[in-house]
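Below is one structure, written out as structure tokens; the observations come after it.
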Amino acid sequence: MNRNFKRSSILRMALMGVGEGDPEKGARESFMVRAVKIAMVVMLYWFISITMVFLNKYLLDSPSLKLDAPLFVTFYQCLVTVVLCKSLSLLTHVVPSHVLEFPSLRFDLKVLRTVLPLSVVFIGMIIFNNLCLKYLGVAFYTVGRCLSTVFNVLLSYIMLKQTTSMYALMSCGIILGGFWLGIDQEGAEGTLSWAGIFFGVLASLCVSLNAIYTKKVLPAVDGSIWRLTFYNNVNACFLFIPLLFVCGEVGTLLAFDKLSMFYFWGMMTLGGIFGFAIGYVTGLQIQFTSPLTHNISGTAKACAQTVIAVMYYHQIKSFLWWTSNLMVLGGSFSYTWVKGLEMKKTQGETNQSQSNGEKSSVGV
């Protein structure tokens, strides 16, 4: 037996009955381990994402909290993200790299200026996102800001001159149909907020713009998403300060009766931590699966989130209301699936052309 063979490996084989003469069972075991890891990562993503939505809803529109300061809530979450990013960066100096891997961060004015256009879009995205949640509620939140896929298609054509296939356009049509049916049903139930719909449309537009500008700005931060997150949120903190005064939220905060309560600041900080964590688990889910699987998981998560919200708030919804949600989720799933197949086909054609090129060069 090889002396370098670890005792833990021998023990694991003894307990699981896996030996060198049973490679199929070993392969099944490794597959099961990977499947469990993927399931745990997906569950973690669902938990953090859904919890963050409900927590933000509480902070933005809770009858018990009675805080009408959505900009301050968003500003504080950005501030928590900046502190966490900088803290993790400092920890890398004392913690081994195999335990904690995080890029070094410093305040670079040149990079801050380069990231500024993206930061303006980023602020719009998170402000309109929270305002949509404040006025629409969790149950209709998915439908209220479902147009990001449609805006992706429009902006890709307008800004990048990229065309979209007929099947992808049909998927967008399903999403639009579900969006309008949802508005109709919310109006019929007397729970429609046009302010919430307006902010949801703006949030969807900013989500699409954010994706486009992120690709342009990433080279300025050496392709690091965490550096981009840090500089984005630093810019956001500075930009929020005048907005808090202009919108009168400073006066609202000074008159807030729970401003000195530990519970309030604990919930605010928890919201910021979850906001930071969603970036980490999103990257983790993509790493363990794929961008296509991540989008499908997000669609399924939105479905579960809607059901949980209806049950939690003891709401009764009509058949057509549920149909609108299913149309939005089905259209989003269909679009993701179609784009995944198109990317796979394009990659296959590229590999084939490269292979043909290599063969022709060998034959010369």
Side-chain angles (χ1 to χ4, degrees), residues 38-65 67 70 73-74 77 126 128-149 174-175 178-179 181-183 185-186 188-193 196-197 199-200 203-204 207 266-268 270-282 284-285 289 293-334 336:
I38 290 173
M40 291 178 66
V41 168
V42 171
M43 287 171 61
L44 181 64
Y45 169 77
W46 280 38
F47 170 75
I48 290 177
S49 182
I50 293 175
T51 304
M52 184 183 70
V53 171
F54 277 89
L55 184 57
N56 280 343
K57 179 62 178 176
Y58 171 78
L59 293 170
L60 293 164
D61 193 38
S62 171
S64 60
L65 200 61
L67 174 63
V73 171
T74 313
Q77 290 178 348
I126 55 179
F128 296 137
N129 198 57
N130 279 348
L131 288 172
C132 173
L133 181 61
K134 175 181 173 67
Y135 288 104
L136 285 185
V138 180
F140 195 62
Y141 176 64
T142 301
V143 176
R145 53 178 299 277
C146 69
L147 298 183
S148 56
T149 300
I174 296 172
I175 294 172
F179 177 70
L181 180 60
I183 290 176
Q185 290 304 299
E186 282 286 303
E189 294 180 5
T191 54
L192 178 64
S193 167
I197 294 296
F199 291 129
S204 300
V207 167
M267 294 299 287
M268 288 282 288
L270 189 62
I273 292 172
F274 270 86
F276 172 83
I278 192 64
Y280 173 75
V281 294
T282 296
L284 197 65
Q285 182 169 246
T289 58
T293 307
H294 166 68
N295 288 333
I296 294 172
S297 172
T299 303
K301 186 273 304 180
C303 181
Q305 180 177 287
T306 300
V307 173
I308 293 170
V310 170
M311 294 173 62
Y312 180 78
Y313 294 109
H314 306 290
Q315 298 172 336
I316 299 175
K317 299 296 182 181
S318 67
F319 173 78
L320 288 177
W321 187 92
W322 286 107
T323 303
S324 71
N325 277 265
L326 289 175
M327 287 177 68
V328 166
L329 295 170
S332 301
F333 175 83
S334 174
T336 300

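Keep in mind that what you see is a predicted model, and the values were worked out from it rather than measured. Both backbone and side-chain heavy atoms feed into the values below; hydrogens, waters and symmetry mates do not.
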(message) With no hydrogens and no angle check, just 3.5 Å: does a side-chain donor-acceptor pair link Ser297 and Trp46?
(response) yes

ask   = For Met52 and Asn56, what are the C-alpha separation, side-chain angles and deciding distance, and is it a side-chain contact (heavy atoms from CB on, under 4.5 Å)?
value = CA-CA 6 Å; Met52 184 183 70; Asn56 280 343; 3.9 Å; yes

Query raised in the report: Are side-chain heavy atoms of Ser332 and Ile175 found at a separation under 4.5 Å?
Result: yes

Worksheet item: Is there a side-chain contact (heavy atoms from CB on, under 4.5 Å) between Ile183 and Leu192 once you walk through the steps?
Response: CA-CA 7 Å; Ile183 290 176; Leu192 178 64; 3.9 Å; yes

Margin query: Can a donor-acceptor pair be found, under 3.5 Å and without considering hydrogens, that links the side chain of Ser334 to the backbone of Gly330?
Written below: no

OG1 of Thr51 to CZ of Phe274, rounded to nearest 0.5 Å, is 5.0 Å

Correct closest heavy-atom pair for Pro70 and Leu131 would be CG-CD2, 3.7 Å

Interatomic distance, CG@Asn325 vs CG@Leu181, rounded to 0.5 Å, equals 9.5 Å

Smallest heavy-atom separation, Cys146 atom then Ser204 atom, equals N-OG, 3.9 Å

Kindly check if the number of other-residue, nucleotide or ligand heavy atoms within 6.0 Å of OH (Tyr313) is above 12? yes

The reported gap from CD in Gln285 to CD1 in Ile48 (rounded to nearest 0.5 angstrom) is 11.0 Å

Could you please spell out the steps behind the side-chain contact (heavy atoms from CB on, under 4.5 Å) verdict for Trp321 and Val310? CA-CA 12 Å; Trp321 187 92; Val310 170; 4.0 Å; yes

Hits for side chain to side chain donor-acceptor pair (under 3.5 Å) against Ser318, two or more places apart or cross-chain, chain-then-number order -> Gln185

When rounded to the nearest 0.5 Å, the distance separating NZ of Lys301 from CD1 of Ile50 is 6.0 Å

Output for pair (Cys132 SG, Arg145 CZ), nearest 0.5 Å, gives 7.0 Å

Practice item. Answer yes or no: does atom OH of Tyr58 have more than 12 heavy-atom neighbours from other residues, nucleotides or ligands under 6.0 Å? Key: yes

Any side-chain heavy atom of Leu329 within less than 4.5 Å of one from Phe333? no

Table please: side-chain donor-acceptor pairs of residues 133-142 below 3.5 Å, with sequence neighbours left out.
residue : atom : partner : partner atom : Å
Lys134  : NZ   : Leu60   : O            : 3.1
Lys134  : NZ   : Asp68   : OD1          : 3.3
Tyr141  : OH   : Asn129  : OD1          : 2.8
Tyr141  : OH   : Asn129  : ND2          : 2.9

Checking Gln77 against Ile126 for the side-chain contact (heavy atoms from CB on, under 4.5 Å) test, could you report, in this order, the C-alpha distance in whole Å, the side-chain angles of both residues, the deciding distance, and whether it holds? CA-CA 10 Å; Gln77 290 178 348; Ile126 55 179; over 6 Å; no

Distance col, row Ile278:CD1 vs Leu284:CG, nearest 0.5 angstrom, shows 11.0 Å

Problem set entry | Leu59 and Leu65, any side-chain heavy atoms less than 4.5 Å apart | yes

Heavy-atom nearest pair, Val143 first then Gly178, reads CG1-O, 4.2 Å

